[in-house]
Protein chains: 2
Amino acid sequence: MNTLSYGLLSAISIESCSGYDLIERMKLFWKADHSQIYPILGKLESQGYVRHESVKQVNKPDKKVYFVTDSGIEVLKKWMAEPTSEPVIRDEFALKMHSISMFDEEQTIALLKERRALYEQRLADLEARNERLRLKREAYGEDDSGIPTQFLGPFFLLEREILNAKTELKWCDWALEHLGTR
Amino acid sequence: MNTLSYGLLSAISIESCSGYDLIERMKLFWKADHSQIYPILGKLESQGYVRHESVKQVNKPDKKVYFVTDSGIEVLKKWMAEPTSEPVIRDEFALKMHSISMFDEEQTIALLKERRALYEQRLADLEARNERLRLKREAYGEDDSGIPTQFLGPFFLLEREILNAKTELKWCDWALEHLGTR
DNA sequence: TCGTGCATGTAAGCTGTTACATGATTCC
DNA sequence: GGAATCATGTAACAGCTTACATGCACGA
């Protein structure tokens with residue numbers, strides 16, 4: 001059981017889903033390819049932490065919908081009580097930004113504008129996710145606070161990613177402005 | 001030549017330094033252990049992109065100070081013109097936050113407070129780095145805009161990390177407040 | 001004397017990426 | 001007719017982590 005295994009278990013525990021769905025869901029906080037996810041799902045199943053049902057779809061291939069078992073929930077709870085490792089960031093943009101003194105100013109501006117576009121796209125994706133979550137929330141029925149319990153985590157995390165994306169955009173604008181006034 | 005190799009080259013190009021120094025410098029945007037850095041420095045040297053001088057120190061072990069060669073600068077410039085890959089984030093905290101519905105509220109609060117403490121520490125580190133950079137800037141002499149060219153990248157990036165840390169702290173407070181009012 | 005910081009290095013093993021594979025449907 | 005989306009899987013390789021290894025100086 002590595003961190004990704006727990007992460008997949010954690011995601012499935014909120015709402016049963018397929019491996020394909022997990023790729024999309026994980027994307028926000030843990031980069032993982034399908035070639036990593038499918039084998040782990042197999043292992044989780046052989047360990048008895050998840051099970052799956054094959055679901056037929058119209059005009060789409062069948063999918064395996066995974067759900068967490070009682071023993072899966074047990075290991076999830078144990079993991080959550082253990083120390084949490086620090087976030088790992090690997091950002092090639094930052095490495096390039098580091099030595100902009102090697103660039104022409106035009107190239108630096110291009111690098112920053114590309115970054116800006118990336119985060120604008122990301123923000124749009126996040127807002128779309130937020131809307132989907134709102135609809136799901138309504139479908140499941142709201143509790144006192146307006147958020148059904150199992151969607152509280154995703155709600156908090158989406159808000160966080162939106163704040164982060166907005167901060168990144170602000171920083172891009174600040175940097176571009178700073179270059180302009182040099 | 002992988003991304004980290006270019007990253008090290010990029011960092012050395014701003015200011016010659018040892019492998020040990022690079023560990024500290026890289027930390028902000030690209031997690032890398034010394035066991036990864038030292039062998040790469042050897043490869044960069046055998047390829048002729050960097051060279052080193054052994055420097056004796058008082059009450060400290062000798063160190064190898066690396067500097068970039070002309071051919072190193074050439075490959076750096078080529079890399080900078082190539083497409084930039086998207087940032088990779090792997091954050092165990094987010095995976096746990098995802099399924100807080102499995103937690104007691106107390107555990108969730110503890111998780112958030114731990115995160116808050118981490119980023120408060122990080123912000124303090126960043127402010128300290130900022131002060132060190134300011135002193136270095138003065139030592140090297142300032143240009144028209146107040147930032148010597150080679151430190152413009154680090155200056156921009158530090159500002160970005162400070163904004164990010166402050167945003168994370170704001171989010172932690174918001175989440176804790178939200179839990180309190182449920 | 002024990003831990004921490006400075007400073008460099010190697011090796012084994014686990015994790016993650018890229019490429020190979022298949023196949024239906026939908027949109028341009 | 002070709003590209004994109006949905007959906008799942010395997011294999012080879014590259015990258016990263018953990019552990020092993022050394023040694024001096026300094027403070028508690």
Side-chain angles (χ1 to χ4, degrees), chain A residues 1-8 12 16-27 29-46 50-66 83-92 95 125 128, chain B residues 1-9 11-12 16-27 29-46 50-66 83-92 95 125 128:
Chain A
M1 288 293 286
N2 56 23
T3 309
L4 180 55
S5 306
Y6 288 111
L8 296 180
I12 298 167
S16 300
C17 67
S18 68
Y20 193 85
D21 294 331
L22 284 169
I23 299 163
E24 196 58 26
R25 285 208 213 168
M26 296 304 290
K27 205 145 61 179
F29 7 87
W30 197 281
K31 207 221 147 193
D33 282 297
H34 74 276
S35 57
Q36 220 184 342
I37 289 175
Y38 291 124
I40 289 178
L41 286 173
K43 277 180 203 163
L44 289 175
E45 188 152 41
S46 72
V50 298
R51 277 205 293 275
H52 80 268
E53 276 174 20
S54 284
V55 173
K56 289 189 178 169
Q57 300 185 106
V58 281
N59 295 340
K60 283 181 184 179
D62 295 0
K63 63 177 175 180
K64 295 182 175 181
V65 174
Y66 287 88
T84 307
S85 56
E86 292 190 19
V88 170
I89 294 171
R90 293 206 174 88
D91 190 354
E92 191 174 12
L95 299 183
D125 287 350
Chain B
M1 289 294 284
N2 56 23
T3 309
L4 179 55
S5 304
Y6 288 112
L8 296 180
L9 212 50
I12 297 167
S16 300
C17 66
S18 67
Y20 193 84
D21 295 331
L22 284 169
I23 299 163
E24 196 57 25
R25 285 209 213 168
M26 296 304 289
K27 205 146 59 179
F29 8 87
W30 197 283
K31 207 221 147 191
D33 282 295
H34 74 276
S35 57
Q36 219 184 341
I37 289 174
Y38 291 123
I40 290 177
L41 286 174
K43 276 181 203 162
L44 289 175
E45 188 151 41
S46 72
V50 298
R51 277 204 294 275
H52 81 268
E53 276 175 22
S54 284
V55 174
K56 289 191 179 169
Q57 300 184 108
V58 280
N59 296 338
K60 282 181 186 180
D62 294 1
K63 62 177 177 181
K64 295 182 175 181
V65 173
Y66 287 88
T84 307
S85 56
E86 292 190 19
V88 169
I89 295 170
R90 294 205 172 88
D91 190 354
E92 191 175 10
L95 298 183
D125 287 351

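Computed from heavy atoms alone, side chains included, the values below leave out hydrogens, waters and symmetry copies. Each chain gets a letter, A, B and so on, in the order its sequence line appears, and its residues count up from 1.
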With a cut-off of less than 4.0 Å, is there a side-chain N or O of [X] near OP1 or OP2 of [N]?
X	N	value
A:Tyr38	D:dT8	yes
B:Lys64	C:dG9	yes
A:Tyr20	D:dT8	no
A:Ser35	D:dG9	no
A:Arg90	D:dC16	yes
B:Asn59	D:dC24	no
A:Lys31	C:dT17	yes
A:Asn2	C:dC14	no

Whether B:Glu45 side chain and B:His52 backbone form a donor-acceptor pair below 3.5 Å: yes

Degree of bending, the helix from C:dT1-D:dA28 to C:dC28-D:dG1 (end axes from five pairs; round to 10°): 40°

Expressed as a whole number of angstroms, how long is the span from [X]:[atom1] to [N]:[atom2]?
X	N	atom1	atom2	result
A:Ile37	D:dT10	CD1	P	14 Å
B:Lys43	C:dT10	NZ	P	11 Å
B:Asp33	C:dT8	CG	C1'	14 Å
A:Ile89	D:dC16	CD1	C1'	17 Å
A:Glu24	D:dT8	CD	P	14 Å
A:His52	D:dG9	NE2	C1'	13 Å
B:His34	D:dT17	NE2	P	12 Å
A:Asp62	D:dC6	CG	C1'	11 Å

Verify whether one side chain among B:Glu92 and A:Ser85 offers a donor that lies under 3.5 Å from an acceptor in the other. yes

Taking the minimum atom-to-atom distance to the side chain of A:Gln36, which one of C:dA7, D:dT10, C:dT15 wins? C:dT15

Ignoring the backbone of A:Lys63, work out which of D:dT8, C:dA7, C:dG16 is nearest its side chain. D:dT8

Evaluate the side-chain proximity of [Y] to [X]: yes if any heavy-atom separation is below 4.5 Å, no if none is.
X	Y	value
A:Leu4	A:Ile40	yes
A:Met1	A:Leu44	yes
A:Tyr6	B:Leu95	no

Give a yes or no on this: more than 12 heavy atoms of other residues, nucleotides or ligands lie within 6.0 Å of atom CD of B:Gln57. yes

Sequence neighbours excluded and cut-off under 3.5 Å, please list the side-chain donor-acceptor pairs for residues 20-27 of chain B, or say none.
residue: B:Asp21; atom: OD2; partner: B:Ser18; partner atom: N; Å: 3.2
residue: B:Asp21; atom: OD2; partner: B:Ser18; partner atom: OG; Å: 3.1
residue: B:Glu24; atom: OE1; partner: B:Lys27; partner atom: NZ; Å: 3.0
residue: B:Glu24; atom: OE2; partner: B:Arg129; partner atom: NH2; Å: 3.4
residue: B:Arg25; atom: NH1; partner: B:Ala11; partner atom: O; Å: 2.9
residue: B:Arg25; atom: NH1; partner: B:Glu15; partner atom: O; Å: 3.4
residue: B:Arg25; atom: NH2; partner: B:Glu15; partner atom: O; Å: 3.0

Note: A:Lys64-A:Asp62 ion pair, threshold 4.0 Å (strictly below): no

Starting from the 5' end of DNA chain D, give me the residue, A:Val88 or A:Pro39, whose nearest nucleotide shows up first. A:Pro39

Please figure out whether A:Thr3 or B:Asp21 has its closest DNA chain C nucleotide nearer the 5' end. B:Asp21

